[in-house]
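Notes to accompany the following structure.
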Amino acid sequence: MNETIARPDFLLGSTYKVKPPVTDHALYITINYIVLNEGTDHEVRRPFEIFINSKAMDHFQWVTALTRVMSAVFRKGGDVTFLVEELRSVYDPNGG
């Protein structure tokens with residue numbers, strides 16, 4: 001996925017409900033995927049965009065910024081597993 005790909009009208013996706021211990025409201029994380037080379041031996045499913053939503057709007061700006069940056073990395077292509085390792089190292093000094 002080196003060339004720029006316009007967002008298709010339809011993407012497959014999954015939504016996950018995550019209940020952090022530091023808030024009363026759950027986070028809903030949706031990851032939409034694009035299928036490249038569909039129907040060939042080289043078919044691959046890649047993350048294309050991510051959305052995070054919650055009733056708690058306390059951190060709306062930074063959550064929106066984070067999801068836009070992550071989506072941009074997804075659309076750029078290549079191995080995106082480094083994002084998991086980078087985000088896994090983030091911690092809350094208050095225990096969250």
Side-chain angles (χ1 to χ4, degrees):
M1 205 162 97
N2 294 329
E3 68 279 354
T4 301
I5 297 176
R7 187 191 187 284
D9 292 333
F10 176 82
L11 291 172
L12 299 173
S14 298
T15 300
Y16 306 91
K17 180 180 179 180
V18 178
K19 180 66 176 80
V22 294
T23 182
D24 294 335
H25 301 289
L27 296 173
Y28 295 88
I29 302 169
T30 300
I31 302 174
N32 290 331
Y33 303 91
I34 189 168
V35 179
L36 301 173
N37 306 311
E38 192 169 5
T40 71
D41 291 338
H42 303 287
E43 182 175 303
V44 63
R45 187 174 91 160
R46 308 262 321 161
F48 190 79
E49 59 193 7
I50 184 169
F51 301 98
I52 300 175
N53 204 348
S54 178
K55 282 185 180 178
M57 300 300 284
D58 303 339
H59 305 290
F60 179 76
Q61 290 87 357
W62 72 259
V63 170
T64 299
L66 176 65
T67 58
R68 286 184 181 219
V69 168
M70 290 175 66
S71 294
V73 170
F74 291 163
R75 288 189 298 272
K76 189 72 174 165
D79 184 13
V80 297
T81 57
F82 75 94
L83 281 174
V84 175
E85 294 304 318
E86 290 294 323
L87 294 174
R88 193 177 274 166
S89 67
V90 176
Y91 71 96
D92 183 346
N94 298 322

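At least one side-chain heavy atom of V80 sits less than 4.5 Å from a side-chain heavy atom of P47.
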Show your reasoning for whether side-chain contact (heavy atoms from CB on, under 4.5 Å) applies to N32 and R7.
CA-CA 11 Å; N32 290 331; R7 187 191 187 284; 4.1 Å; yes
Given I31 and F51, is the side-chain contact (heavy atoms from CB on, under 4.5 Å) satisfied, shown in steps?
CA-CA 7 Å; I31 302 174; F51 301 98; over 6 Å; no
T81/L83 under side-chain contact (heavy atoms from CB on, under 4.5 Å): CA gap, chis, key distance, verdict
CA-CA 5 Å; T81 57; L83 281 174; over 6 Å; no
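Partner of I29 under the side-chain contact (heavy atoms from CB on, under 4.5 Å) criterion, chosen from I50, N53, T15, T67: I50.
Under the 4.5 Å side-chain heavy-atom criterion for Ile, Leu, Val, Met, Phe, Trp and Tyr, M70 and Y28 are members of distinct hydrophobic clusters. Under the 4.5 Å side-chain contact rule for hydrophobic residues, V63 and V84 do not share a cluster. Following chains of ILVMFWY side-chain contacts shorter than 4.5 Å, one cannot reach I34 starting from V69, and the two form parts of different hydrophobic clusters. A continuous path of hydrophobic side-chain contacts links L87 to L27 [ILVMFWY only; heavy atoms under 4.5 Å]. Under a hydrophobic-cluster definition in which Ile, Leu, Val, Met, Phe, Trp and Tyr are linked whenever side-chain heavy atoms come within less than 4.5 Å, directly or via other members, V35 and F74 are assigned to different clusters.
Heavy atoms only, all atoms of each residue included: E43 and G39 are closest at OE1-N, 2.7 Å. In plain terms, the two heavy atoms of R45 and Y33 that are nearest each other are CG-CB, 3.6 Å. Listed here is the closest heavy atom pair of S54 and A26: OG-O, 2.9 Å. The two atoms that bring L11 and E49 nearest to each other are CD1-OE2, 3.5 Å, heavy atoms only.
Here D58 contributes atom CG and H25 contributes atom NE2; the two are 8.0 Å apart, rounded to the nearest 0.5 Å. The CG atom of D24 sits 5.5 Å away from atom NZ of K19, with the distance rounded to the nearest 0.5 Å.
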